[in-house]
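Presented below is the structure to which this report refers.
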Amino acid sequence: MIFSYRLYNFVEKSKDSCDMKKFLLLTLVMIGSLVSCYAVTIPHTVIPYNVNYHWGIIDVNIAHGTVKYECDGTNFSGTLDGVSIPWEGHVIMVSDTLKAEMLPGNKYSIEKINYQSGWYRRPRTKYFHSEGYNESNPENYKTISGEGQYDASNNSMEAIAITSDMVGMYYYANEIDFETLEPNEVLNITLEGKYAQELKVTYLGKGSYEIENTVYPTYNVMFEYNYKGSMSGYPVQMRIRQSDRLPIFLSASIPVGKIEMIYNP
C-alpha cells in the first residue's frame with residue numbers, strides 16, 4: 001500500500017514523460033533481475049553411477065544406478081534408478097522421482113515439491129530373471145506412500161524417502177555460487193514438501209577426485225535433510241565437478257558400513 005501511494009505521487013508530480021518511462025523501465029529491470037537470479041536452466045542430463053559398499057575389509061561393487069534430471073528455470077524434475085548386482089540371492093531395485101517448482105527465496109530458490117515417489121523391490125534372483133516376474137504386482141513392491149504389499153523394513157523405506165528428496169540436490173549443485181563461499185560455511189535452504197522441510201548444505205571447500213586416471217577439480221559439500229524439526233541422521237558427502245556442476249561422487253554412512261555412488265563415464 002505504501003509503495004502504491006508513493007508511485008501514485010511520483011506519477012502525479014512527474015511532468016516529464018521520459019523520466020516516467022525511465023522509472024518504469026528501471027522498476028521492471030530490478031524485478032526481472034530479482035527473479036532471474038534464481039532461474040537456473042539445466043539441460044536434460046543423464047549420469048550413470050557405480051554403487052560400492054564398504055564395511056571393514058569388504059569393498060565391493062553392489063549396484064549400478066542412473067540419475068536423470070532437468071530444469072527449465074522454474075520446473076525441476078529428476079529420477080534416480082538403481083539395480084543391485086545379485087546380493088544374497090536377491091536383486092534390490094530402487095526408483096525415485098521428484099518434481100518441484102523452484103520459487104524465489106531470500107538467497108536460494110525455495111523448493112516446492114509437487115510430486116514425489118519412491119519404490120522399493122527385492123525379488124529373488126531366480127524370479128527376477130524369469131519371464132513370469134511382474135514388477136507391477138503389489139506383492140512385489142512397497143512405496144514411500146504406503147502402496148504395495150511387500151514386507152519392507154521401516155529403515156529401508158526411510159532410506160528410500162531420503163533418496164527421493166536427495167534428487168533435489170542436483171538442482172542446487174547448479175544454483176549455488178560456490179566461488180563466493182568460505183570453507184565450512186553453512187546454507188539453509190527451505191523446502192515445501194510432505195517429507196523434508198529444510199536442506200542444510202555445508203561447503204567443505206575445493207578439492208579433486210580421480211576416476212579412471214582422470215582427475216576432476218571439484219566443489220565438496222556435505223548435505224542433510226531436516227524432517228519435522230530434526231535432522232535425518234544420514235548426512236551425504238558430494239563432490240561436484242567444477243566444469244559443469246556434475247555430481248561425480250556421493251557417500252553416505254549407514255548403520256553397517258558405507259555406500260558410495262561414483263560417476264561411471
Side-chain angles (χ1 to χ4, degrees), residues 46-55 58 60-69 76-100 113-170 191 193-197 199 223-228 230-236 238 247 250-262 264:
V46 180
I47 312 178
Y49 290 98
N50 288 319
V51 183
N52 294 341
Y53 172 67
H54 300 272
W55 182 39
I58 299 174
V60 293
N61 174 228
I62 61 169
H64 301 287
T66 303
V67 176
K68 303 176 183 177
Y69 58 102
F76 172 84
S77 63
T79 61
L80 181 154
D81 294 292
V83 178
S84 75
I85 294 169
W87 185 262
E88 296 182 345
H90 292 82
V91 175
I92 298 173
M93 294 181 287
V94 175
S95 180
D96 289 310
T97 300
L98 180 73
K99 296 183 179 180
I113 298 173
N114 297 320
Y115 176 79
Q116 186 173 9
S117 177
W119 293 71
Y120 177 80
R121 300 178 178 89
R122 192 173 180 262
R124 290 190 175 275
T125 305
K126 62 180 180 179
Y127 298 143
F128 178 68
H129 291 297
S130 69
E131 294 182 0
Y133 179 70
N134 179 9
E135 287 190 355
S136 63
N137 185 338
E139 294 182 356
N140 294 328
Y141 68 83
K142 194 72 174 180
T143 73
I144 58 175
S145 57
E147 299 171 330
Q149 301 167 10
Y150 186 80
D151 187 20
S153 69
N154 291 334
N155 286 340
S156 294
M157 298 315 300
E158 181 181 78
I160 301 302
I162 290 172
T163 54
S164 67
D165 283 313
M166 188 185 78
V167 177
M169 185 60 197
Y170 283 76
L191 281 73
K194 179 179 179 181
Y195 302 101
Q197 284 80 45
L199 169 61
F223 65 90
E224 187 176 356
Y225 286 90
N226 186 310
Y227 294 87
K228 296 180 180 180
S230 61
M231 303 309 292
S232 68
Y234 293 95
V236 179
M238 175 184 278
L250 298 95
S251 174
S253 294
I254 57 177
V256 181
K258 182 169 62 175
I259 298 290
E260 294 179 346
M261 289 174 54
I262 303 171
N264 182 22

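Since we're looking at a predicted model, the values are computed, not measured.
- Of the possible polar contacts, one joining the Tyr225 side chain to the Asp165 backbone as a donor-acceptor pair under 3.5 Å is found.
- Remark: Met93 CE to Arg122 CZ distance equals 11.5 Å, nearest 0.5 Å.
- Counting all heavy atoms, side chain and backbone alike, Tyr69 lies closest to Pro247 at OH-CD, 3.9 Å.
- Within the model, atoms CG of Asn140 and CZ of Arg121 stand 8.5 Å from one another, a figure rounded to the nearest 0.5 Å.
- When all heavy atoms are compared, the tightest approach of Gly233 to Glu224 is N-OE2, 2.7 Å.
- Summarising the geometry of Gly148 relative to Lys142, their closest heavy-atom pair is O-NZ, 3.2 Å, with the distance given to 0.1 Å.
- For Asn61 (side chain) and Ala63 (main-chain N/O), a donor-acceptor pair under 3.5 Å exists by modelled atom type.
- With sequence neighbours excluded, the residues forming a side chain to side chain contact (heavy atoms under 4.5 Å, CB included) with Glu158 are Ile162, Tyr234, listed by chain and number.
- Put simply, the residue from Thr143, Thr163, Thr79, Asp81 that forms a side chain to side chain donor-acceptor pair (under 3.5 Å) with Ser95 is Asp81.
- Checking side-chain atoms of Gln197 against main-chain N and O of Lys228 turns up a donor-acceptor pair under 3.5 Å.
- With sequence neighbours left out, Tyr120 forms a ring pair (Phe, Tyr, Trp, His ring centres under 6.0 Å) with no residue at all.
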Practice item. Could you check Leu250 against Met166 for side chain to side chain contact (heavy atoms under 4.5 Å, CB included), going step by step and ending with a plain yes or no? Key: CA-CA 11 Å; Leu250 298 95; Met166 188 185 78; 4.1 Å; yes
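- In this structure the side chain of His64 reaches within 4.5 angstrom of the side chain of Asn50, judged on heavy atoms.
- With rounding to the nearest 0.5 Å, the separation of NZ in Lys68 from CD1 in Ile47 is 12.0 Å.
- Expressed to the nearest 0.5 Å, how far OH of Tyr133 lies from OG1 of Thr125 amounts to 11.0 Å.
- For the atom pair NZ (Lys258) and OG (Ser253), the distance works out to 6.0 Å, reported to the nearest 0.5 Å.
- Here the closest non-hydrogen pair linking Asp96 and Ser164 is OD1-CB, 3.5 Å.
- To the nearest 0.5 Å, atom OG1 of residue Thr66 and atom CG of residue Leu80 are 8.5 Å apart.
- Counting only distance, with no hydrogens or angles, the side chain of Ser77 and the backbone of Lys99 share no donor-acceptor pair below 3.5 Å.
- Between Phe76 and Val167 there is a side-chain heavy-atom pair separated by less than 4.5 Å.
- The shortest distance between side-chain heavy atoms of Met169 and Val236 does not fall below 4.5 Å.
- Tyr170 and Tyr49 have perpendicular rings, their planes meeting at more than 60° on a 0 to 90° scale where under 30° would count as parallel.
- Between the side chains of Asn134 and Glu139, no donor-acceptor pair of N or O atoms lies under 3.5 Å.
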